[in-house]
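A short worksheet on the structure shown next.
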Amino acid sequence: MSEQNELIKRRLEELEKIRELGINPYPHRFDVTSDSETLISNFNDPESDEEKESRKSETVSVAGRIMAIRKMGKATFCHIKDETGRIQIYIKKDEIGDISYDVFRLLDIGDIIGVTGYLFRTKTGEVSVHAVSYELLTKSIHPLPVVKEETTESGEKIIHDAFADVELRYRQRYIDLIVNENVKDVFIKRTKIIQSIKRTLEKNKFFEVETPTLQSLYGGANAQPFVTHHNALDIDLYLRISNELFLKRLIVGGFNRVYEFVRDFRNEGIDRTHNPEFTQVEWYQAYGDYFDSMNMFEEVVEQACIDSNGTTKVTYGDIELDFKRPWKRLRMSDAILDKTGLNIHEIKKQEIIDYLNTNGIDFDPKISHSKGLLIANLFEETCEEDLIQPVFIYDFPIDTTPLCKPLREYTPEQLKEMDSDPEKVIFAERFEPYVNKWEMGNSYTELNDPVLQRKLLEGQVERGRAGEKETHPLDEDFLKAIEVGMPPTTGVGMGVDRLVMLLTNSHSIRDVIFFPLMRPL
RNA sequence: GGGACCGUAGCUCAGUGGUAGAGCAUCUGCCUUUUAAGCAGAGGGUCGGUGGUUCGAGACCACCCGGUCUCACCA
């Protein structure tokens, strides 16, 4: 028999013994009156023997999971862990009764107990609960990794035999949360960040809405979708890659400011900044432009940083980031000029290709038809690596997106002329915030010219036929909505997981998602 | 998808071709203020899987499974 089964078998036997003694190992409730953090932080040492004696009648009830047991014959110490921390429990045989004490000795690390008793400080100085009674609340039959915590004389904590196998931690997050102290803190911060973003948006009159996850057409981003099937309708459906096109329909419908936190699904590679399902918040604001979105974006992130960390500054790895507003704003063309000396407005398409080639920069030959896509590629390969502190990169070639308005400075004649000249690049009012070299989001002055919108989306279909995998299929219903008329609008998509990574100093996106996708065993 | 590395007891790990190891956990005994409690003893393994090389494989080779890091694609 394997060790694992043997450990479980022994615990099942103990479970039976407990039942035979008339004790329900899975009772229905327990009155909890306090928690470890409150008890320890509010404890004052009694000033006299009388006070010490009277304290014994001031009982509290706490509940938690047994994390460590130290049996000493007729007395036993254990630590229980509740939602706020750990507290030591002291149980004496002659006080609690022989049977009760014997049952206690059947308990294991991992069991959940409720303890009623009074507070005292041990000889070695730890505030503890002196048990008057206790109750088994849940018997655990699956052994937990035993992690030992040593406190050195200088007060430093050393963790021994940490449950550190990354794979097991992700696959069995419930165990990770129990035995690894800081894991829960990351997820508490995650929730605080999300709550903060919602507060900031609500404060600015944005209205929370919900749109479909299952979509018969996907769009709003460049990505490959997951395909699924609806049986009753007998049609294939896609898990959304973005909610952009639905939020715009709501702007058309008369909601002026909407936002939605969504899980997006993208059928692409997995690495430390990419999980196949990830969280994004998108917001759309009628009558605003991309500068309004920059203002909102930096307000949202600065506030989220303050609400989760107390300041606008945060340390990520060995760098310090400061999210204090206002953030730097840099045109893509200026970023390229600063970095490479290339003035993309002046030079020919071929000169960009030559530059890429002579500098050993790989690019997909499929994009060589488009000066705009070459520029975007040039930017990503040369400038991104320097974008550590928060910065808005703005004015992207229009070829990079079919959903964004051209710059306001162009006259209709200029646009027409540029469109027919492959050496001219139309720039669009798009920006991406960068932090720590990562794209943190995406924003446009949204395109609302239905004729141009149709033309650009049909262009996507063309490019899809030519072999690009991440282009949009044509969404006629969306085009109809734009034809009905969308007011001038700006919208933002923001990657929540990456923001949480930065604000919690997490190395991998899997550290900020409770249950990241793992290959089934 | 490419490359590098990893997989040995429940957990953390050692084991450079010759009888599978340590600490913690578990079990037995002792121990009424311990705290990585302690002391004495015991049990626990198809060494990720399948083939191969060899007198002999945990180790060497091939393939497979799972993972980590990294590059590519993307947010």
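Remember, it's a predicted structure, so these values are computed and weren't measured experimentally. By convention in this document, chain letters (A, B, ...) are assigned in the order of the sequence lines, proteins followed by strands, and residues within each chain are numbered from 1.
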Can the ring centres of A:Y259 and A:F206 be said to be less than 6.0 Å apart? no
B:C65, OP1 or OP2 - any side-chain N/O from A:R519 closer than 4.0 Å? no
Below 4.0 Å: OP1/OP2 of B:U34 and any side-chain N or O of A:R70: no
On a plain distance test, is the side chain of A:Q88 in donor-acceptor contact with the base of B:U34 below 3.5 Å? yes
Determine: side-chain N/O of A:K71 to OP1/OP2 of B:G38, distance under 4.0 Å, yes or no. no
Do A:D271 side-chain and B:C71 base share a donor-acceptor contact under 3.5 Å? no
B:C69, OP1 or OP2 - any side-chain N/O from A:R272 closer than 4.0 Å? no
Looking only at heavy atoms, what is the nearest atom pair of A:T273 and A:I509, with distance? O-CD1, 3.7 Å
Could you check whether the side chain of A:T122 and the base of B:U35 have a donor-acceptor pair of N or O atoms closer than 3.5 Å, going by distance alone? yes
Does the ring center of A:F379 lie less than 6.0 Å from the ring center of A:Y434? yes
Say you pick atom P in B:G44 and the same atom in B:G7; how far apart are they, in whole Å? 25 Å
Less than 3.5 Å between a donor and an acceptor, one on the side chain of A:D161 and one on the base of B:G23, is that the case here? yes
Side-chain N or O of A:R11 versus OP1/OP2 of B:U26: is the shortest distance under 4.0 Å? no
